[in-house]
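Report on the following structure.
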Amino acid sequence: MKAQNVQKGSKTNRGGIRFSDWNNYLFLLPALVFMAIFIIYPIFYNAVLSFKDVNVYNLNGKQNFVGFDNYIKTFKDQVFYIAAKNSVIFTVVSIFFQFVIGFALALLFNSKFPGRNLFRSLMLLAWMLPVVITGTVFQWMMSGDYGVINYFLQSIGLIDQPINWLSEGNTALLGTIIANIWIGIPFNMIILLSGLQTLPEQLYEAAKLDGANRLLQFKHITLPLMRPTILVLLMLGIINTFKVFDLIFIMTAGGPVTSSTVLPIYAYQLSFSMFDFSHGASVSMIMFVLLILVAIVYLKMSNKEEAH
Amino acid sequence: MKKSWPKLILATVIMSLVLTACGSAENSNEQGNAAKGDKVTIQWWDSMTSEATQGALTKIIADYETANPNVKIERTFISFADIKNKLLLSSAGNQMPDIVWLDNPDHQAFAAAGILADITEEVKAWGQADKYFEGPWSSTMYEGKNYGVPIGSNNLALYYNVDMLKAANVAPPKTWDELKEAAKKLTTKDVYGFSMTAVKTEEGTFQFLPLMYQAGSDVTSFDSAGTVEAASLLQYMASNNYMSKEVLNQKQSDTVVQFSTGKTAMMINGTWQIPLLRKEGKVNWDVVQLPVNKQGGTILGGENWAITDASKHKDIAFDIIKFANEPDNLKSFLQAAGRLPSRADYLEDPFWQDDKQLKVFADSMEVAKARAYGPNYPKISDSIQIMLQQVISGSKSPEDAVKEAGAKIQPILAQ
């Protein structure tokens, strides 16, 4: 610990002026105050809420601490496990396709062809549209009675009966996943593309001279060099996708029954449809802990990366 | 480094305390000024969207301000979907309006939460409580005390496509058997015979409850043969494709579009759709009361006025409510909004009595039942929505779904 400090200190003191550690950290104060008010306090408040019994009866009255009661209630609720399972499916499938398709497009846009900038900008539209619009449009397209997706599938003969994408228990979650993949592709593409553009050209030239084909180049140059970018992207993707609420709320509101209820929807319904604020808070805290675990794994991995 | 951390945390905490302290000091200053100054500002929240309704409201507000120059009313629009959450969050943050509009099934929950002011005395002095229908009035009561005044009401009836019924040689259904028969005959390749809403929100519950009432059941006796019969009716409609399964994702505003474009021959929908259908409907339509099973019956919807407990000017707020309730003021608003008066004396107005279609809804007011099931109603409603979706999607039989929901509702009612 000490040794590291000295090293860091000497690095930052290159200019010759000697700040003590205390003074250096003082520069962080504005950011820390901001975080304390807008991030740490709400999380702390939510944590406290999850150990109380706040509901519609005592919102402005006396609120008792009930220990882990809310968590026990959550773990005893069948819907929690359905929501957790749906959340995992939603996140894994979304990220997988967003990433694979995004990577393919990034590779495409990394080569030079006429109209490349135009198409790249057009691709970003999907990401820039407000989710309310995307969700509503997908809801229309997936409608069983007049949706264009059914029309298309029927006219090329893939299905004979229209599918009620969002009102059938076994397709509702899939419908929201498809919409979410569409939204996420451009973001994945842009991040991967900017990563690709920093890769040194010489490596590819040298590899070509050595007779490596495209696939080998991709496997031995692109992928290893892109590792840090990919890690960041997947990490951000998991956190962002795990918290998706608006899209699902607009498209299915978690239904039919609970077939597309994910953890954020479940927490929202507990807090704001049923006014059971503490119960909802406990679900949010569980999500928070899960995401912290993901973040820790990421930090461990990126530390290893740096060590290499 | 180790030593600097505690200091740092301390500094952060102090600074955030200082900042929040500044914030609240400013707030109390503002409020102080308002009270001392010559003008009193009343915050008013509602969720009326259409131009006509907003126009009627703006006029009421302007008239009141002219008559009472020392009062300024600041009207804020908050969308229907947000007003509950906004009110709860504001209650935690102490930034409450003085007057607020509430959807009537939520009224008791907000009264229980201590957000609304008890205005029992004021209402008694006003002396007009007996003019109101029992349904709307009961939604403003909680534990024998009065927490609001009804604004307007609506209920559900059966809209039908006149041309389609004529072509299929079907009379507008008066009983459930006729309804089933009509739905069957009216269904074609492109048209569903029957439609309603079964979304996973309060709208779904709102549409299902009247069927339960007609089958002789109620929320207080949920796990009963009547409820199963009501659920079976919908299962019959959905499994035979007389009703689209898309009703699971179709709000009442979506259902009316299906109806007005000729995609469905009959629908259950509310009073407020009349202005829209008259203006934009592309079909020849009419409306009848909901079909009867063991008994007739429909559900009551509508909004109430409430004064928040945090309001510093409850007397002025109630005076505004009284002013807005004067016949001319309220009627002009209700007419623009496609709503019915919640009080019998106003409903006598020829506007509602001489209009054949509005009269269908006006006549139902006597039997329209309010959702006054206590502050835990939102949880009950959630169980009903799940049951409704299970039955229509076919994932559970009506018997099983009703039993499951009943098991969830019983302990909530007992609380």
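Every chain is numbered from 1 and lettered A, B, ... according to where its sequence line falls, protein lines coming before strand lines.
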Non-hydrogen atoms of Val257(A) and Gln389(B) that approach each other most closely: N-OE1, 2.6 Å

Heavy-atom distance under 4.5 Å to chain A: side chain of Ile380(B), backbone, both or neither? neither

Sort Ser395(B) into side chain, backbone, both or neither according to what part of it lies under 4.5 angstrom from a heavy atom of chain A. side chain

By a 4.5 Å heavy-atom criterion (distance strictly below it), what part of Lys379(B) contacts chain A: side chain, backbone, both, or neither? both

Which of the residues Met387(B), Gln258(B), Glu202(B) is involved in the greatest number of heavy-atom pairs with chain A at under 4.5 angstrom? Gln258(B)

Return the option, out of Gly394(B), Pro375(B), Ala198(B), Gly114(B), with the maximum number of heavy-atom pairs under 4.5 Å with chain A. Pro375(B)

Between Gly144(A), Ser271(A), Ala253(A), which has the largest tally of heavy atom pairs under 4.5 Å with chain B? Gly144(A)

CA sep, side-chain torsions, deciding dist, call: Tyr268(A), Asn85(B), side-chain contact (heavy atoms from CB on, under 4.5 Å): CA-CA 11 Å; Tyr268(A) 173 88; Asn85(B) 297 353; 3.3 Å; yes

Counting only non-hydrogen atoms closer than 4.5 Å, does Phe272(A) touch chain B with its backbone (N, CA, C, O), its side chain (CB onward), both, or neither? both

Atom CZ in Phe249(A), atom OG1 in Thr201(B): separation rounded to 0.5 Å? 8.0 Å

If you round to the nearest 0.5 Å, how far is CG of Asn164(A) from CD of Glu246(B)? 4.5 Å

Less than 4.5 Å to any heavy atom of chain B: does that hold for the side chain of Asp276(A), its backbone, both, or neither? side chain

Do other residues, nucleotides or ligands put more than 12 heavy atoms under 6.0 Å from the NZ atom of Lys314(B)? yes

Contact list (residues 148-158 of chain A to chain B, heavy-atom gap under 4.5 Å, by number) returns none

Give me the one residue out of Val247(B), Leu248(B), Val199(B) that meets side chain to side chain contact (heavy atoms under 4.5 Å, CB included) with Ser167(A). Leu248(B)

Of the backbone (N, CA, C, O) and the side chain (C-beta and beyond), which part of Phe277(A) lies under 4.5 Å from a heavy atom of chain B, both, or neither? side chain

Got a sec: does the OH of Tyr81(A) have more than 12 other heavy atoms crowding it under 6.0 Å? yes

Check Met251(A) against Asn249(B) and note the closest heavy-atom contact, atom names and distance. O-OD1, 3.2 Å

Between Ser143(A) and chain B, which part of the residue has a heavy atom less than 4.5 Å away: side chain, backbone, both or neither? both

So Thr261(A) and Lys200(B), side-chain contact (heavy atoms from CB on, under 4.5 Å) or not? Walk me through it. CA-CA 11 Å; Thr261(A) 300; Lys200(B) 208 179 157 191; 3.6 Å; yes

Thr258(A) versus Ile386(B), closest heavy-atom pair with distance: CG2-CD1, 4.4 Å

Determine, stepwise, if the pair Tyr146(A) / Lys263(B) fulfils side-chain contact (heavy atoms from CB on, under 4.5 Å). CA-CA 10 Å; Tyr146(A) 51 88; Lys263(B) 301 277 183 216; 5.5 Å; no

Which bit of Gln385(B) comes within less than 4.5 Å of chain A, counting heavy atoms only: side chain, backbone, both or neither? neither

Quick one: which of Met274(A), Met35(A), Gln269(A) has the most heavy-atom pairs under 4.5 Å with chain B, could you say? Met274(A)

Begin with the C-alpha distance, continue with both residues' side-chain angles, and end with the deciding distance and a verdict on side-chain contact (heavy atoms from CB on, under 4.5 Å) for Phe275(A) and Asn376(B). CA-CA 9 Å; Phe275(A) 302 137; Asn376(B) 268 323; over 6 Å; no

